[in-house]
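Down below is the structure, laid out as structure tokens.
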Amino acid sequence: MSALVCRKTGRRYPVDQPIWKSDADGLLDLEFQPRFELDRIRTRLPTMWRYREALPIGRDEHIVSFGEGFTPLVPINWNGREVLLKLEYLFPSGSYKDRGASVLISRARELGVTQVVEDSSGNAGAAIAAYSARAGITCEVYVPESTSPAKLAQIAAYGATVRGVRGSREEAASAAWQAAQSLYYASHVWNPYFFHGTKTFAFEVVEQLGWRPPDVVVIPTGNGTLLYGAYLGFCELRDAGVIERLPRLIGVQAANCAPLCHAWQGGGASIAEIVATETVAEGIAIARPARAQQCLEAVRATGGWFVTVSEDEIVGALRAIHHRGIYCEPTSATALAALDKFEVSGAIVTPITGHGLKTAEKAGAAMSR
Ligand SMILES: *Cc1c(COP(=O)(O)O)cnc(C)c1O
């Protein structure tokens with residue numbers, strides 16, 4: 001049977017309790033046995049819920065969904081190389097965070113939760129707010145006041161309470177942590193169910209490639225909710241015998257805020273405090289990622305690595321991808337900028353993580369500088 005397992009102490013907790021951390025304040029991972037019945041999957045609607053037996057929700061009537069997922073995988077020529085772009089900005093709330101929100105809020109509903117709290121630089125908050133609205137769950141989101149205005153407006157529009165926090169992303173997170181002492185924390189970082197949503201990214205890529213893994217996946221990384229989710233998904237497919245090997249995962253960070261890259265270069269044993277400065281890639285500006293150790297382990301296990309990209313490189317890649325007809329936010333362009341920094345062969349997949357309409361003002365300003 002499944003259990004929630006503390007990463008600090010190994011203590012196991014039953015899954016029918018609405019908890020999001022252990023008694024030792026440790027991160028929880030979900031122990032869960034997925035199943036993949038390819039013949040059934042093929043007959044289902046093209047949504048992330050087609051992998052139903054691999055998603056940790058007990059009963060169908062608890063599923064909170066807008067029919068999301070199965071985003072297109074589109075080839076482009078990027079400076080002489082073919083790259084497959086997975087159009088993750090085409091989700092109901094405008095980013096891949098809907099994958100995590102759909103599973104997490106479904107599970108919250110299944111557990112009888114009526115009120116959740118979240119903290120976010122924008123997109124996770126919007127996703128949790130949207131799915132909470134659909135589920136009839138009351139939602140409160142702590143955000144740094146510097147968040148793009150369109151993201152704040154979107155969260156409020158879903159009916160969630162927006163709590164602006166003066167200060168950094170970390171200060172917003174600790175305000176939410178405080179509030180979560182008495183509420184269910186629908187955190188895209190702490191709550192393990194979120195990763196069981198983002199893992200469907202890997203399922204879709206593998207199915208879209210004819211049930212074969214790509215060779216390389218290049219992912220913008222702050223807290224690693226897509227990086228680690230993708231790793232989890234590829235591992236589940238490998239352990240079930242659907243694929244034989246894992247793709248290399250390459251985590252991309254903005255040079256102005258790159259704690260995982262620093263730790264990687266230092267051998268990955270410890271996560272040092274870094275001094276972060278502002279970056280146009282607001283979606284991955286995370287100075288202290290709570291699941292850093294897991295991200296480092298995931299990248300190492302796949303034979304991948306971390307890279308940084310400068311502000312100029314991000315803005316250059318953003319301009320170039322816009323000119324190809326893809327209107328994404330600057331954070332998404334980090335992965336494209338990174339592609340120019342290494343030679344790899346084989347099938348390369350890059351997610352386009354967030355919609356440009358959310359950051360039109362900030363991105364416009366950055367590009368005109
Ligand atoms: C959340 C997000 C990412 C990845 O961020 P993590 O902190 O690693 O989860 C990338 N791009 C966009 C647009 C995002 O919203």
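All ligand and atom numbering here is 1-based and tracks the order in the structure. Just so you know, residue 1 is the first one in the sequence shown, and it goes up from there. Note that the structure is a prediction, hence the values are computed from the model and not measured. Just the heavy atoms: all of them, side chains too, but no hydrogens, waters or symmetry mates, feed the values below.
- Side chains of N123 and E329: a donor on one and an acceptor on the other come within 3.5 Å.
- Below 30°, between 30° and 60°, or above 60°: for H355 and Y89 the angle between ring planes is above 60°, a perpendicular geometry.
- Looking at heavy atoms from C-beta onward, V143 lies in side-chain contact with L152 at the 4.5 angstrom threshold.
- Salt-bridge annotation for R248 and D215: absent, with no side-chain N of the basic residue lying under 4.0 Å from a carboxylate O of the acidic one.
- Side-chain rings of Y193 and W20 stay apart, their centers remaining 6.0 Å or farther from each other.
- Listed by chain and number, residues touching ligand 1 at under 4.0 Å (heavy atoms only) are Y96, K97, N123, P220, T221, G222, N223, G224, T225, G283, I284, E329, T331, T353, G354.
- You'll find the ring centres of F203 and F234 outside the 6.0 Å limit.
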